[in-house]
Amino acid sequence: MLDNLYHSVVLDHAKSKRNHRKTNGNNTLVKHYKNPTCGDVMTLYVNVSEENTIRDISFVGEGCSISMASCSMMTTRLKGVTLEEAFQLREAMETMIRKGIEPESIDLGDAIALKGVHQLKARHNCALMPWQAFDRIFQ
């Protein structure tokens with residue numbers, strides 16, 4: 001039953017993408033990113049305040065349900081958090097997808113619905129695509 005709920009959450013985010021738009025303005029960082037293992041593409045927009053808080057975050061892109069749901073989930077979860085918190089969430093997401101270890105003290109929000117992707121090694125980069133783009137935007 002929980003798997004069905006997670007499946008529904010993923011499909012909802014893939015179908016009704018949150019924050020699927022361009023963000024403009026001062027302090028907006030932009031990163032175009034392509035999934036290294038398939039044709040999924042996205043452009044990530046991150047607007048950071050002087051206090052290193054994510055003021056706004058959005059994306060445009062096309063890809064499979066997992067990658068688009070992950071983009072929607074990530075932008076929803078990261079809006080309003082500090083960069084330090086965002087990188088902790090990014091690490092927790094990577095650990096959950098690659099190692100199958102659910103975070104104990106970190107709330108991934110709806111992204112927890114992607115935990116089953118761990119069993120699908122070929123789809124790891126789909127779920128991690130926006131998080132990898134987020135990482136690279138600050139390199």
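When reading the values below, keep in mind they use all heavy atoms of this one structure, side chains included, and skip hydrogens, waters and symmetry mates. Predicted, not measured: the structure shown is a model, and the values here were computed from it.
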Quiz item: Does the side chain of Met68 come within less than 4.5 Å of Phe59's, by heavy atoms?
Solution: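 They are in side-chain contact.
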Self-check item: Side-chain touch His124/Thr37, heavy atoms, less than 4.5 angstrom
Solution: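 They are not in contact (no side-chain heavy atoms under 4.5 Å apart), so the answer is no.
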Atom of [X], atom of [Y] and distance for their closest heavy-atom approach:
X     : Y      : answer
Asn19 : Lys79  : OD1-NZ, 2.7 Å
Arg55 : Glu50  : NH2-OE1, 3.6 Å
Cys64 : Asp40  : N-OD1, 3.2 Å
Ala86 : Trp131 : O-CZ3, 4.4 Å
Cys71 : Met129 : SG-CE, 4.0 Å
Leu44 : Thr75  : CD1-CG2, 4.4 Å

Atom [atom1] in [X], atom [atom2] in [Y]: separation rounded to 0.5 Å?
X      : Y      : atom1 : atom2 : answer
Leu114 : Leu128 : CG    : CG    : 9.0 Å
Ser70  : Arg77  : OG    : CZ    : 13.5 Å
Met74  : Arg90  : CE    : CZ    : 10.0 Å
Phe134 : Met93  : CZ    : CE    : 13.5 Å

Quiz item: What is the ring orientation for Phe138 with Phe87, classed by angle as parallel under 30°, tilted 30 to 60°, or perpendicular over 60°?
Solution: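 Ring orientation, 0 to 90° scale: perpendicular.
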Can a donor-acceptor pair be found, under 3.5 Å and without considering hydrogens, that links the side chain of [X] to the backbone of [Y]?
X      : Y      : answer
Thr76  : Ser72  : yes
His118 : Ile97  : yes
Ser67  : Cys126 : no
Glu91  : Gln88  : no

Exercise. May I have the step-by-step check of side-chain contact (heavy atoms from CB on, under 4.5 Å) for Val30 and Thr43, ending in yes or no?
Key: CA-CA 7 Å; Val30 180; Thr43 302; 3.5 Å; yes
Practice problem: Go through the steps to decide whether Asn35 and Gln132 satisfy the test side chain to side chain donor-acceptor pair (under 3.5 Å), and finish with yes or no. | Solution: CA-CA 9 Å; Asn35 184 334; Gln132 292 166 347; over 6 Å; no
Indicate every side-chain donor-acceptor pair of residues 101-111 with a distance under 3.5 Å to a residue at least two apart or in another chain.
unit_1: Glu102; atom_1: OE2; unit_2: Lys115; atom_2: NZ; d: 2.9
unit_1: Asp107; atom_1: OD1; unit_2: Gly109; atom_2: N; d: 2.8
unit_1: Asp110; atom_1: OD2; unit_2: His13; atom_2: NE2; d: 2.7

Practice problem: Report, as yes or no, whether the 6.0 Å neighbourhood of atom CD on Glu84 holds more than 12 heavy atoms from other residues, nucleotides or ligands. | Solution: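 No, the 6.0 Å shell around CD holds no more than 12 heavy atoms from other groups.
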Quiz item: Same cluster for Leu29 and Val81 if Ile/Leu/Val/Met/Phe/Trp/Tyr side chains link at under 4.5 Å?
Solution: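 Yes, Leu29 and Val81 fall within the same hydrophobic cluster.
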Quiz item: Hey, quick one: are Tyr6 and Leu120 part of the same hydrophobic cluster, counting side-chain heavy atoms closer than 4.5 Å, chains of contacts allowed?
Solution: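 No: no chain of side-chain contacts under 4.5 Å links Tyr6 to Leu120.
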Quiz item: After noting the C-alpha distance and the side-chain angles of Tyr45 and Arg21, does the key distance pass the side-chain contact (heavy atoms from CB on, under 4.5 Å) rule?
Solution: CA-CA 9 Å; Tyr45 302 87; Arg21 59 182 163 69; over 6 Å; no
Exercise. May I have the step-by-step check of side-chain contact (heavy atoms from CB on, under 4.5 Å) for Tyr33 and Val41, ending in yes or no?
Key: CA-CA 6 Å; Tyr33 192 74; Val41 295; over 6 Å; no
Self-check item: Passing option when Ile54 is tested against Ile57, Asp56, Asn52 for side-chain contact (heavy atoms from CB on, under 4.5 Å)
Solution: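 So, applying the side-chain contact (heavy atoms from CB on, under 4.5 Å) to Ile54 and each of Ile57, Asp56, Asn52, only Ile57 qualifies.
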Quiz prompt | side-chain contact (heavy atoms from CB on, under 4.5 Å) between Val9 and Met73, intermediate numbers included | solution = CA-CA 10 Å; Val9 171; Met73 293 168 175; 3.9 Å; yes
Practice problem: Using a strict 4.0 Å threshold on nitrogen-to-oxygen distance, state whether Asp12 and Lys17 make a salt bridge. | Solution: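 The answer is no: the pair does not qualify as a salt bridge.
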Exercise. Report the C-alpha distance between Thr28 and Asn47 in whole Å, list the side-chain angles of each, state the deciding distance to 0.1 Å, and finish with yes or no for side chain to side chain donor-acceptor pair (under 3.5 Å).
Key: CA-CA 4 Å; Thr28 298; Asn47 185 286; 2.8 Å; yes
Quiz item: Does a side chain donor of either Ser49 or Glu51 reach within less than 3.5 Å of an acceptor in the other side chain?
Solution: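 Looking only at side-chain atoms, Glu51 and Ser49 do form a donor-acceptor pair, the distance falling under 3.5 Å.
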